[in-house]
Amino acid sequence: MTSEAATMPENIKERLKASYDAVASKYNEWTLPHSKQRMDYLGKALEYLKIPAEPEKNAAFLELGCGCGLPVTKKLLETYPSARIIANDLSTTQISIARQNLITGPEDEVARRLELIPGDMSALRFPNGSLDLVVAFYSVIHLPRTEQTALLERITKWLKPGGYFVANFSAEETEGAVMDKWLDDKDWMFWSGWGQEKTLETMKKAGLKVLIAKVETDVVDDSSFLWTIAKR
Ligand SMILES: C[S@@+](CC[C@H](N)C(=O)[O-])C[C@H]1O[C@@H](n2cnc3c(N)ncnc32)[C@H](O)[C@@H]1O
């Protein structure tokens, strides 16, 4: 059962890493058959972006909380065969699975243009104006919401002018919701969010122009998320 934490839990990142390391395979089996909603939003963002597949050698894409690299990072690699693709996840197990899913062997050209970065997305830094698209599905929701605000400010700066951000957020306002067991006995979970209105305000304050903002019931269970596409 999900409950509002009375005080902010300690060691959130360490505990989430341990949880996702433990349930990576189970999570992937559970979620991958239900990828349509994510892929629809990614597709809409790519339509806005309108970068030609080739020869756009300077295009750069980032997925935050990429999980096992499927389906989003793989789709980006396939759609933009010359672009630099960066994928980050807190779980080193998920990063290892992503490597297996995305790179077929030492000669695979993907290895030259794919950067898999393990660790906390809040610790990432990129040059200003260096990214065409940032994607974050079901991942920013795991950051304490004050960190979400700071991350949105950084993402805006990382984007090239005219670049896009596509992500989903908690539709409900919660400082910290926790669950002792989520998919498995070993996965303590933590989620946080500003809720629909304040998330949109925060995006606007960060300098993003919100193009799509829609609360949708999730396909896997009956939780609701705010799905957004925004432009710098
Ligand atoms: C619910 S899964 C979503 C995975 C994938 N984006 C998807 O749509 O299936 C959340 C992912 O975010 C990662 N994550 C959680 N907190 C993170 C953080 N602070 N930095 C980077 N990744 C994080 C988890 O390890 C996990 O792989």
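Atoms within a ligand are numbered from 1 in the order they appear, just like the ligands themselves. None of the values given here were measured: they were computed from a predicted structure.
Ion pair E153/K157 not flagged as a salt bridge, since none of the NZ, NE, NH1 or NH2 atoms sits closer than 4.0 Å to an Asp/Glu carboxylate oxygen. In this structure, R15 does not pair ionically with E10, as no charged nitrogen and carboxylate oxygen lie closer than 4.0 Å. A salt bridge is defined here as a Lys NZ or Arg NE, NH1 or NH2 lying under 4.0 Å from an Asp or Glu carboxylate O, and D21 with K17 meets this definition. Between R154 and E147 no salt bridge is recorded (no basic side-chain N to carboxylate O distance below 4.0 Å).
In this model, no donor atom of one side chain and acceptor atom of the other lie less than 3.5 Å apart for E47 and Y164.
Side-chain atoms of R232 do not come within 3.5 Å of backbone N or O of G163 as any donor-acceptor pair.
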Contacts table for ligand 1: protein N or O within a distance under 3.5 Å of ligand N or O, distances only.
| from | atom 1 | to | atom 2 | distance (Å) |
| --- | --- | --- | --- | --- |
| ligand 1 | 6 (N) | G65 | O | 2.7 |
| ligand 1 | 6 (N) | F137 | O | 2.9 |
| ligand 1 | 8 (O) | R38 | NH1 | 3.0 |
| ligand 1 | 9 (O) | Y27 | OH | 2.8 |
| ligand 1 | 9 (O) | R38 | NH1 | 2.7 |
| ligand 1 | 19 (N) | D120 | OD1 | 2.9 |
| ligand 1 | 20 (N) | M121 | N | 2.8 |
| ligand 1 | 22 (N) | L90 | N | 3.1 |
| ligand 1 | 25 (O) | D89 | OD1 | 2.5 |
| ligand 1 | 27 (O) | D89 | OD1 | 3.1 |
| ligand 1 | 27 (O) | D89 | OD2 | 2.7 |

